[in-house]
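Note sheet for the following structure.
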Amino acid sequence: MPAPSSRSAAVAPQDSESPGIRARRAGTAGILAALFRKRSAQIGGAIIVLLLATAAFAGLLAPYDPYRLNPLSQLGPPSSSHWLGTDALGRDEFSRIVYGTRTTLVIGAISVGIAMVLGVTSGIVAGYYGGWVDLLLMRVIDVMLALPYILLALAIVAILGPGLGNTMIAIGLSNVPGWVRLVRGNVLTIRRHDFVLAAGALGARDTRVMFVHILPNTVSSIVVLATLQFATAILAAAALSFVGLGAQPPSPEWGALLVGARDFMFTAPWLVNFPGLAIFLVVLGFNLFGNALRDTLDPTLRMS
Amino acid sequence: MIGYIVRRILFLVPVLIGVLAFVFLMRALVPGDPLEIMFLGQMPPDQATLTKLRHEMGLDKPLPVQFVDYTWSIVHGDLGQSVRTRQPVAAELAYRYENTLILTFASLVVALAVGLSMGIAAAVYRDTLIDMATMMLAMFGLSMPGFWFGLIMIMLFAVDLRWLPVMGSGGPAYLVLPALTLGLIASTIIARITRSSMLDVLSAPYVRTARAKGLRERVVILRHALRNALIPVVTILGLQLGGLLGGAFIIEVVFAWHGVGERAIQAISQRDFPVIQGITLVVATTYVLVNLLVDILYGVLDPRIVYG
């Protein structure tokens, strides 16, 4: 029959893709369905969507200007006009928390972005080339891991100087070791597969093999780690802001909101409770969603 | 075993040299002149004095020579002088380091006591309310900002109930709240790992044999199952201690606990590099040595491990 031969010719180019990509294309809908059957994905996803929507429509949701001082309503408890009360300068706490979602998202995206770009690149290079490149990179990682996570971030902030931008860089850099280890480990197993050897044998350059053939097969681990690290990054940035090294007043960053609140925690506990709750919920959302993703995409994946 | 320990110690040498190099470079990497930072916000002295100071501090020598000098003084216990308080860093850090270790150790005790009990209970009463509550708390612990939890503890126990002092580091009573804050958060992770490794072990044939012998359930769980279930818990102990040590840096600020963390954060905002460098070095060395101990402990607990 003539038909099959022409059809197989049309299908043929796709066969040059790695098996991972094809499996994923075929199964995206199935994976999503399995993901959202999990309770933790539903709750986590809802929190993330709520966060994104609040950040996008902050201007519409916030009843007041988050920076506007009002000497007439200082340290007011939650009321119908100020849902979450007001701070020591009379600013509306609800509006400040609403605008703070934007800072939170930027912090997560930038610090995870930095860690991911540096970590994935180094991880692929280390795993693919091996030898002295690998040895050198892994020794650098060993030195970074000789410092507890928060301390490494603090040391980098010490070098760069305090401020929100530097905090994001510091957190990003502190997260690199996790990425390098994960991606390097993945690459070590993937590079032995036939399709990688075939790509090399067909004359593909190293960069092409690494980024076109190997990288797509690590996507599921990358998505999982990025989601879970979004949570860690937000938590770390809030902690650094809380000790005065991250976002500076009058920024409505949630950790920074707690700095001022501390002095009034006995007279105005709502200033402590609400920003803290906001951080907790958002971090919980990313953790829940990340865990669900991990269980769905790769049940054998384990990250500490 | 001895060979393994020796190799493991030898492996530490490059790491410690790397840490030393990083700590040394911290000051070199900082944009701007160290002397400029030293006189930040003050009237800088005249050029001749600056040159003299630069010479005294060895800043006019090439970087590699400075590194050798730096290493030499570190080896002799000289961590330099704080550019703010003009006190020797080593003397300033000594009592603070002790305070941080006390806090970290107390938190570890809390974390292990609470985490192990929760984990065992969750595994033994699998799929019951206890199990579900433990798993939910584990998720909460992972997402809880430590500094916020600390503030809540202060509001609850020190102010509303008036049971404990609010903050400071006077006596044992001052230790309770910060240690609980750090320990309870860390306990949730230990609970999760204990639960899953207990579940693995409880289905093992030797546990069935122990039950079949007619041993009481308590003996089966605590003497037979727990011993093997502890091994994964020990492997993450090093990581946990790192988390507690790092967490202490923030929690010390919340409770005004006079440890190295509180001092580090002060030093970073004042750009007091000798202090920052000293703390980084001390904590990194501690962490590396603790991990060494954990690895050795791991070998002692699990004779099945073959050292190759």
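Every chain is numbered from 1 and lettered A, B, ... according to where its sequence line falls, protein lines coming before strand lines. The model shown is predicted, which means the values in this text are computed figures rather than measured ones.
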query = With under 30° as parallel and over 60° as perpendicular, where do the rings of B/W148 and A/F280 fit, or are they tilted in between?
reply = tilted

Max heavy-atom pairs within cutoff under 4.5 Å with chain A, candidates B/G242, B/P145, B/G247, goes to B/P145

For chain B, the option from [options] that forms the most heavy-atom pairs under 4.5 Å:
| options | answer |
| --- | --- |
| A/L288, A/V272, A/D142 | A/V272 |
| A/L154, A/I279, A/L281, A/V157 | A/L154 |
| A/L258, A/V243, A/V140, A/I150 | A/V243 |
| A/G285, A/A231, A/G276 | A/G276 |
| A/L245, A/V282, A/L145, A/T232 | A/L245 |

Does [X] reach the side chain of [Y], with side-chain heavy atoms less than 4.5 Å apart?
| X | Y | result |
| --- | --- | --- |
| A/N291 | B/M139 | yes |
| B/Y287 | A/L151 | no |
| A/Y149 | B/L239 | no |
| B/F140 | A/V283 | no |

- Query: More than 12 foreign heavy atoms under 6.0 Å from CG of B/L63: is that the case here?
  - Reply: yes

(message) I'd like to know whether CZ of A/R181 has more than 12 heavy-atom contacts from other residues, nucleotides or ligands below 6.0 angstrom.
(response) no

So, for [X] and [Y], which heavy atoms are closest and what is the spacing to 0.1 Å?
| X | Y | value |
| --- | --- | --- |
| A/P269 | B/M155 | CB-SD, 3.9 Å |
| B/R271 | A/P162 | NH1-CD, 4.2 Å |
| A/L235 | B/F147 | O-CE2, 4.4 Å |
| B/S143 | A/L284 | OG-CA, 3.3 Å |

d(A/S40 OG, B/M135 CE) to nearest 0.5 Å is 10.5 Å

If one checks every heavy atom of B/F149 against chain A at 4.5 Å, the contacting part turns out to be neither

Whatever's closer than 4.5 Å to a heavy atom in chain A on B/I276 counts as side chain

Quiz item: Is the backbone N or O of B/L151 less than 3.5 Å from a side-chain atom of A/R262, with the two atoms forming a donor-acceptor pair by type?
Solution: no

So, the part of A/L277 with a heavy atom under 4.5 Å from chain B: the answer is both

Contacts satisfying salt bridge (Lys or Arg N to Asp or Glu O under 4.0 Å) that involve residues 253-265 of chain B (not counting sequence neighbours) are B/E92-B/R263, B/R96-B/E262, B/R263-B/D272

